[in-house]
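One structure below.
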Amino acid sequence: MHIPNYQEARTRDKRDYQRMDFQLDQSLFNKYSGKKYFIKTYGCQMNEHDSEVISALLEKMGFERAKDYNHADLVLLNTCSIRENAHNKAFGMLGRLKHLRNEKKDLIIGLCGCMAQEASVVEEILRDYRFVNFVIGTHNIHDLPTVLDSAIQNKKQQIEVFSREGDLYEGLPVVRANSIKAYVNIIYGCDKFCTYCIVPYTRGRERSRKKEDILREVDELIQDGYQEITLLGQNVNAYGKDFYDDYNLANLLEDIAKKDVPRVRFMTSHPWDFTDSMLEVIAKYPNIMPSIHLPVQSGSNRVLRLMGRRYTKETYLELFHKMKDMIPGVAISTDIIVGFPGEEEEDFLETLDLVHECQFDNAFTFIFSAREGTPAAKLTDSVSLEEKEERLQRLNDVVNSYFLENNKKLEGTVVKVLVEGISDKKDMYYGYSETNKLINFESPRELKVGEIVEVEITSAKTWSLDGRSI
Ligand code: 5AD
Ligand code: SF4
């Protein structure tokens, strides 16, 4: 049994990790034919992509996907720790699964993802959730087949969570959820240690994949007809720093953009690591989408310092305006936290000022949630939840007004849309523009999923736009 430990997760050296090739133990191949699995995924794109890998591992073992958890022999929760509500949702689901187990004695229940890396979660499972068959961490999903197999065969709870990232596995299989858009991991982990954030503890230190491995994966996706590739990492801008002296995100983006792929995106970017050469490459290649997610978190220098964000409001704004100048038509989205411990009304007003200045195209807004083991969880917090909720509402009113205002500017213009399908609700085609806006539209001719078409925008809403293809 391996249980997670934050002390160990925090002390990391820049040692070289091995890059290993994954091989499935032959005895497990198709061993569970006829059994069905269901994965419930919480959290970010990283988790969604991990679920695509886990699905493929299970399918190699013979499992087939069930349409819902009631029809599954194996239910796996791929969890998120970022805020308390994600954590509570996963525990709520475990409660429902406990009832299901009472009816279905052979049901196998597993937990993986970020919560598996939290010592307190694992302790709780060991103490109060004995019916959970196995727990596996984010650093060793390649061990899932053997851990699952031994949980089934030995009928004993298996906890296999490594506190520190181990070897970096290549050649893991993947079953992609979408046939035209694909995620490609380029860097794992995060070294920034923002004081509120649990990710460096749950995902480990920054480890870049080798450029050859990434470029090979991209080539295969292009051959398979994928139209859009999103490069993923907790902080993609740090790509290469741990591994290469002279190869970084700008080089990688350029190498990918030169290939025959219509759309390249990347996320998420920490403002600290953004270089001019990255902006130049994004501006130069039309197939790198002009859409950047640049979390600001707060507009108050005092709060930014407490958050350990390593930039000031002024340097953020400088970068923001440089992006707008260098990349014509770029859409910038952001993340903002309200109610960080010690955030006063004046600090919050500075955040509102920054939003008025930036007029973001999209923004994800959150109330601070104390995560056990992070430095911010120890700070004293005198602002009531009621006041935080009120701040969030005021912030949302402002950010939403700019989404609509920005969308209104597109009325009457023509945008390129990657067709994703027909929306059930609207009986219209839908897809995303280059700047990542959801477009619902009519078309005089039948369209294929994966086509890129020109759409004239007829009306703007806060969260989407309507149009007609031309
Ligand atoms: N509380 C609230 N929001 C958080 N985020 C990260 N950690 C926390 C936390 N403890 C937000 C940040 C980050 C996004 C993915 O989630 O805004 O950019
Ligand atoms: Fe949640 Fe962060 Fe883990 Fe993604 S990396 S699943 S956002 S805690």
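All values below were derived from every heavy atom in this structure, side-chain atoms included, with hydrogens, water molecules and symmetry-related copies excluded. If you're wondering where the values come from, they're calculated on a predicted model, not measured in any experiment. Read the numbers this way: they start at 1 and go in the same order the structure lists the ligands and their atoms. Position 1 is the first residue of the sequence; numbering continues from there.
Checked against the 6.0 Å centroid criterion, the rings of Phe320 and Phe360 qualify as a close aromatic pair.
Listed by atom number, the atoms of ligand 1 under 4.0 Å from Gln297 heavy atoms are 12 (C), 13 (C), 17 (O), 18 (O). Near Phe368, meaning under 4.0 Å from one of its heavy atoms, ligand 1 places the atoms 1 (N), 2 (C). The ligand atoms of ligand 1 that sit less than 4.0 angstrom from a heavy atom of Arg83 are 1 (N), 2 (C), 3 (N), 4 (C), 5 (N), 11 (C), 16 (O). Close contacts between ligand 1 and Arg371 involve ligand atoms 10 (N) [criterion: under 4.0 Å to a heavy atom].
Under the 3.5 Å distance criterion, with hydrogens and angles disregarded, a donor-acceptor pair is assigned to the side chains of Gln157 and Arg130. A donor atom on one side chain and an acceptor atom on the other are found under 3.5 Å apart for Asn407 and Lys437.
When the options Thr268, Asp335, Ile337 are ranked by their closest heavy atom to atom 14 (C) of ligand 1, first place goes to Asp335. Of the listed residues (Ser369, Ala377, Cys194), the one carrying the non-hydrogen atom nearest atom 10 (N) of ligand 1 is Ser369.
The proximity of Phe366 to ligand 1, defined as any non-hydrogen pair under 4.0 Å, is limited to the side chain.
With sequence neighbours left out, the ring-ring contact (aromatic ring centres under 6.0 Å, His included) criterion links His87 to Phe91.
Tyr316 and Tyr311 have tilted rings, their planes meeting at an angle from 30° to 60° on a 0 to 90° scale.
Contact check on Asp353 versus Lys313 returns no salt bridge, with no Lys/Arg side-chain nitrogen under 4.0 Å from an Asp/Glu carboxylate oxygen.
The shell of residues lying under 4.0 angstrom from ligand 1, judged by heavy atoms, includes Ile367.
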